[in-house]
Structures are given as C-alpha cells and as structure tokens.
Enquirer: 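Got a structure for you, written out below as structure tokens; questions coming shortly.
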Amino acid sequence: MARLPGTDGAGDIADRIRERRGGTLRPLDRMLLHSPQVADGWNSLLGAVRQRMTLPADIRELVILRIAVLNRALYEWVAHEADARAAGLDGRHLDALRTEDAATHPDLDERQRRVVAYTDAMTRDVHVPAHVFDVLRPHFGPAELVELTVTAAAYSMVSRFLVALEVEPPTGTGG
C-alpha cells in the first residue's frame with residue numbers, strides 16, 4: 001500500500017499526462033499529482049526521455065530495467081518489461097540484468113555490457129570512472145551519450161520516488 005493515497009487526477013496537468021499515456025493515469029501519476037507543478041515538469045521530462053530522443057529503445061529499456069534491479073523498484077520493472085521485450089530484449093537479457101555481474105554477463109553483447117557498467121556506476125557511486133565512460137564512445141555519439149546519461153539519471157529519480165513512497169505497480173499493465 002502506498003504511503004499516500006492517489007489523487008483523483010483532475011485538471012489540465014492530469015489531462016496532459018493522460019494524453020502522453022494514451023488516455024490513462026497510472027499510480028505513479030496519481031501520486032505525482034499531489035504536486036501538480038512537479039507532475040507537469042516530470043511529464044515533460046519523461047515524455048522527452050521516452051519519446052523524443054535518438055538513443056535506441058533497446059538501450060533505453062536496458063538502462064531502465066537495470067536501475068529497477070539496483071534500486072529494488074518493482075513498479076519500474078513491471079512498467080517497462082513489455083517495452084523492453086518490444087525493443088528486442090529477450091528473456092536471456094532480462095535474466096542477465098537481474099544478476100550482480102550483469103556488466104560482464106555473457107548473454108549481453110559488448111555494447112550492452114558497457115551500458116550496464118555505466119548505469120551501475122551512475123546508480124551506485126554517482127561518479128563514473130573515465131575508463132567506464134571512454135569505452136562507450138565507439139558505440140554512441142555525443143547526443144546519445146547525453147541521452148544515455150539523462151535516461152539513467154531520470155529513471156534513478158523515478159525509482160527512488162516509487163520506492164520511497166511505496167507506490168505499487170498497476171496489476172496487469174505495463175508502461
């Protein structure tokens with residue numbers, strides 16, 4: 001049970017969130033709407049991360065699911081597993097992301113392992129060693145490196161919000 005009740009989701013900001021979400025509000029949205037201005041900014045930022053970046057969808061979802069594991073954010077995993085599969089990640093990839101040694105796991109390719117190592121450094125230590133960042137350069141251009149970093153930062157924020165307020169995932173839905 002969440003630490004706060006969800007809101008009813010009325011008003012222009014809730015309507016903008018519904019528009020981005022395909023007509024519905026999720027428990028995360030109903031919690032955020034306790035502070036409409038925060039919810040509005042959140043919707044704008046996460047809308048950009050999810051829908052307006054050049055970072056490949058499989059990499060975005062790999063980062064999101066890895067953060068869900070590291071931060072023990074079940075909601076985040078449930079909300080993104082179907083998106084990850086649609087982006088091309090399969091059961092072996094998902095199982096690898098759940099392991100402690102995901103950054104060296106043989107079921108992930110070199111690029112994926114490097115992204116996991118970067119995500120782990122950002123999430124666990126905040127500081128990213130130069131050697132962890134530098135091995136990403138052959139795989140991503142400057143814009144994608146910024147987008148990769150923003151994705152990890154944004155979904156760390158999402159997971160920490162969900163876990164701190166004990167927001168439960170919706171039953172039987174993703175996204």
Enquirer: Please check: side-chain N/O of H34 versus main-chain N/O of P5, any donor-acceptor pairing under 3.5 Å?
Expert: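 Yes, H34 side chain to P5 backbone: donor-acceptor pair under 3.5 Å.
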Enquirer: Minimum heavy-atom separation for A164 to R3, with atom names?
Expert: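 In this case the closest contact between A164 and R3 is O-NH1, 2.8 Å.
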Enquirer: Look up atom CZ in R21 and atom CZ in R50, then write down how far apart they are to the nearest 0.5 Å.
Expert: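 Separation between the atoms: 8.0 Å.
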Enquirer: Any donor-acceptor pair under 3.5 Å linking the side-chain atoms of N43 with those of R20?
Expert: yes
Enquirer: Checking side-chain polar atoms at under 3.5 Å, does E144 have a donor or acceptor matched by the opposite partner on T54?
Expert: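 No, because no side-chain N or O of E144 sits under 3.5 Å from a partner of the opposite role on T54.
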Enquirer: What residue among R85, H80, R66 forms side-chain hydrogen bond (donor to acceptor under 3.5 Å, both in side chains) with E61?
Expert: H80
Enquirer: Is there a donor in the side chain of T149 and an acceptor in the side chain of Y118, or the other way round, less than 3.5 Å apart?
Expert: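 The answer is yes; a qualifying pair exists.
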Enquirer: Output yes when a side-chain donor or acceptor of E81 lies under 3.5 Å from a complementary backbone atom of V78, and no otherwise.
Expert: no
Enquirer: Look at the side chain of R113 and the backbone N and O of L108, then say whether any donor-acceptor pair between them is shorter than 3.5 Å.
Expert: yes
Enquirer: Is a side-chain N or O of D90 found less than 3.5 angstrom from the main chain of R92, in a donor-acceptor match?
Expert: yes
Enquirer: Linking I/L/V/M/F/W/Y whenever any side-chain heavy atoms sit under 4.5 Å apart, do I17 and L162 land together?
Expert: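 Shared cluster, no.
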Enquirer: Between D101 and T104 (side chain of the first, backbone of the second, donor and acceptor by atom type, cut-off under 3.5 Å), is there such a pair?
Expert: no
Enquirer: Please list, chain by chain and in numerical order, all residues satisfying side chain to side chain contact (heavy atoms under 4.5 Å, CB included) with S35, sequence neighbours excluded.
Expert: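 Counting only residues at least two positions away or on another chain, S35 forms a side chain to side chain contact (heavy atoms under 4.5 Å, CB included) with V38.
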Enquirer: Would you give the length of the straight line joining atom NE2 of H139 to atom CG of L145, rounded to the nearest 0.5 angstrom?
Expert: 10.5 Å
Enquirer: Please list, chain by chain and in numerical order, all residues satisfying side chain to side chain contact (heavy atoms under 4.5 Å, CB included) with E100, sequence neighbours excluded.
Expert: R124
Enquirer: Output yes when a side-chain donor or acceptor of E147 lies under 3.5 Å from a complementary backbone atom of L55, and no otherwise.
Expert: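 A pair under 3.5 Å: yes.
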Enquirer: Are L28 and F161 packed together at the side-chain level, in the sense that at least one heavy-atom pair is separated by less than 4.5 angstrom?
Expert: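 A side-chain contact exists here, since the closest heavy-atom pair is under 4.5 Å.
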Enquirer: Looking only at heavy atoms, which two atoms of A39 and L33 are closest? And how far apart?
Expert: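 Answer, listing the atom of A39 first, then L33: CB-CD2, 3.8 Å.
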Enquirer: Let me confirm one number: the CG-CD distance from L97 to Q112, rounded to the nearest 0.5 Å.
Expert: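 One gets 8.0 Å once the value is rounded to the nearest 0.5 Å.
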Enquirer: Working to the nearest 0.5 Å, report the span between OG1 of T123 and CD1 of I67.
Expert: 4.0 Å
Enquirer: Atom CE of M31 and atom CG of D29: how far apart are they, to the nearest 0.5 Å?
Expert: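 M31 CE to D29 CG: 11.0 Å, rounded to 0.5 Å.
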Enquirer: Evaluate the side chain to side chain contact (heavy atoms under 4.5 Å, CB included) criterion for residues M157 and L46: first the C-alpha distance (whole Å), next the side-chain angles of each, then the deciding distance (0.1 Å), finally the verdict.
Expert: CA-CA 11 Å; M157 174 183 73; L46 274 292; 4.0 Å; yes
Enquirer: Evaluate whether atom CD of E166 has more than 12 neighbouring non-hydrogen atoms of other residues, nucleotides or ligands under 6.0 angstrom away.
Expert: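 More than 12 heavy atoms, drawn from other residues, nucleotides or ligands, come within 6.0 Å of this atom.
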Enquirer: Do the side chains of M53 and V63 join up, straight or via other hydrophobic residues, at under 4.5 Å, putting them in one cluster?
Expert: yes
Enquirer: Are V158 and I13 grouped together when hydrophobic residues (ILVMFWY) are joined by side-chain heavy atoms under 4.5 angstrom apart?
Expert: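 No, no single cluster joins them.
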Enquirer: Do L94 and Y155 sit in the same hydrophobic cluster, where Ile, Leu, Val, Met, Phe, Trp and Tyr count as joined when their side-chain heavy atoms come under 4.5 Å apart?
Expert: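 Looking at the clustering, Y155 is in the same group as L94.
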Enquirer: Is a side-chain N or O of N71 found less than 3.5 angstrom from the main chain of A68, in a donor-acceptor match?
Expert: no
Enquirer: Would D95 and R98 count as a salt bridge (Lys or Arg N to Asp or Glu O under 4.0 Å) here? Give the steps.
Expert: CA-CA 5 Å; D95 289 344; R98 290 183 179 106; 3.2 Å; yes
Enquirer: Where is the tightest heavy-atom contact between G9 and R30, given as atom of each residue plus distance?
Expert: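 Result for this residue pair: N-NH1, 3.9 Å.
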Enquirer: From D120 CG over to D125 CG, what is the distance, rounded to the nearest 0.5 angstrom?
Expert: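 Atom-to-atom, D120:CG and D125:CG are 9.0 Å apart.
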Enquirer: Would a distance-only check, ignoring hydrogens and angles, find a side-chain to backbone donor-acceptor pair under 3.5 Å from D109 to R111?
Expert: yes
Enquirer: Assigning hydrophobic clusters by single linkage (Ile, Leu, Val, Met, Phe, Trp, Tyr; side-chain heavy-atom cutoff under 4.5 Å), is L70 placed with V132?
Expert: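 Not linked; separate clusters.
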Enquirer: So, the side chain of S159 versus the backbone of S156: is there a donor-acceptor pair under 3.5 Å, distance only?
Expert: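 Between the backbone of S156 and the side chain of S159 there is a qualifying donor-acceptor contact (under 3.5 Å).
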Enquirer: Give the minimum heavy-atom separation between A121 and P129, together with the two atoms involved.
Expert: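 Of all heavy-atom pairs spanning A121 and P129, the closest is CB-CD, 4.2 Å.
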Enquirer: Would you say that Y75 contacts V163 through its side chain, given a criterion of any heavy-atom pair below 4.5 Å between the two side chains?
Expert: no
Enquirer: How would you list all residue pairs meeting side chain to side chain donor-acceptor pair (under 3.5 Å) that involve residues 5-15, not counting sequence neighbours?
Expert: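 Checked against side chain to side chain donor-acceptor pair (under 3.5 Å) - neighbours excluded - the pairs reaching residues 5-15 are D15-R18.
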Enquirer: Can you tell whether the side chains of R137 and D134 come within less than 4.0 Å, N to carboxylate O?
Expert: yes
